[in-house]
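Below is one structure, written out as structure tokens, with a few remarks after it.
Counting starts at 1 for both ligands and their atoms, in listed order. Heavy atoms only: backbone and side chains are in, while hydrogens, waters and symmetry mates are out.
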Amino acid sequence: MATKALITGSFDPMTMGHLNIIERASGLFDELTVGIIMNPSKKSMFTLEEREDMIKETLSHLGNISVDSFSGLLANYVNANGYNVIVRGLRSSVDFDYELQMAQMNDRLFNDGVETVLLMSDPEYSYISSSVVKEVHSLGGPIQGLVPENIYLRMKEKLAGNK
Ligand code: COA
């Protein structure tokens with residue numbers, strides 16, 4: 001059976017940690033979609049459209065990737081679009097408790113045969129989160145190497161109020 005995988009997150013913005021997981025997942029599955037979800041509990045820096053544009057640019061070197069955005073219940077999107085694998089990255093044991101709860105709840109909601117697959121973060125990136133990168137950047141700290149170069153440039157523009 002062909003594997004149609006979805007990796008989810010708010011990606012506001014995508015970091016090198018996300019990129020590492022996506023590149024590895026793209027080698028494991030036939031098709032991989034990056035699904036950007038608006039997380040209403042978080043104040044966002046970039047609109048969904050901006051995130052989609054930036055991520056497409058970052059991932060242009062990968063052949064089997066598409067990028068989409070959606071809102072609402074993840075399981076509805078997964079079932080309606082025929083995904084059979086959900087990929088999530090795991091940075092630490094703190095992530096694990098949350099991922100386990102989400103995977104078990106989603107398992108009740110997904111169609112039969114959909115599996116959640118957790119990929120362990122590269123230790124080089126295990127301390128990164130989108131919020132911590134945004135905070136360091138907004139206070140003038142260097143964030144090169146923590147986000148892809150094109151995203152770093154877009155963050156600089158945002159901070160300067162150009163976009
Ligand atoms: N490298 C770097 N950072 C990473 C990372 C990695 N490999 N994996 C996660 N992170 C960071 C993210 O950037 C994010 O940082 P932030 O909190 O500073 O924004 C943080 O870790 C948490 O990531 P994640 O758990 O993916 O949260 P999210 O807000 O990006 O996405 C959703 C969560 C939107 C995917 C999830 O809430 C969801 O599926 N919602 C849909 C609604 C739904 O169906 N709810 C019921 C679920 S059972």
**Prompt:** Is the shortest distance from a heavy atom of Arg88 to ligand 1 less than 4.0 Å?
**Reply:** yes
**Request:** Indicate whether any N or O donor in one side chain lies under 3.5 Å from an N or O acceptor in the other, for Asn150 and Arg154.
**Result:** no
**Asked** Quick one: do Asp95 and Arg88 make a salt bridge, cutoff under 4.0 Å?
**Response** no
**Item:** Polar contact flag, side-chain donor to acceptor under 3.5 angstrom, Thr3-Asp30
**Value:** yes
**Message:** Taking distance alone, with N or O pairs closer than 3.5 Å, would you say Asn39 contacts ligand 1?
**Reply:** yes
**Complete:** If we number the atoms of ligand 1 from 1 as shown, the ones under 4.0 Å from a heavy atom of Ser131 are 16 (P), 17 (O), 18 (O), 19 (O)
**Message:** Under a 3.5 Å cutoff, is there a donor and acceptor pairing between the side chains of Thr33 and Tyr83?
**Reply:** yes
**Message:** Taking distance alone, with N or O pairs closer than 3.5 Å, would you say Arg91 contacts ligand 1?
**Reply:** yes
**Message:** Between Asp12 and Ser10, do the side chains contain a donor N or O and an acceptor N or O under 3.5 Å apart?
**Reply:** no
**Item:** Min side-chain heavy-atom separation Met120-Ser126 under 4.5 Å
**Value:** no
**Request:** Could you list which atoms of ligand 1 come closer than 4.0 Å to a heavy atom of Ser129?
**Result:** 3 (N), 15 (O), 18 (O)
**Request:** Indicate, as side chain, backbone, both or neither, the part of Met16 found under 4.0 angstrom from ligand 1 when only non-hydrogen atoms are considered.
**Result:** neither
**Message:** Quick check on atom 17 (O) of ligand 1 - does any protein heavy atom sit closer than 4.0 Å to it?
**Reply:** yes
**Message:** Could you tell me, atom by atom, which parts of ligand 1 come under 4.0 Å of a heavy atom of Gly72?
**Reply:** 41 (C), 42 (C)
**Request:** Within a distance under 4.0 Å of any heavy atom of Ile21, pick out the atoms of ligand 1 and give their elements.
**Result:** 7 (N)
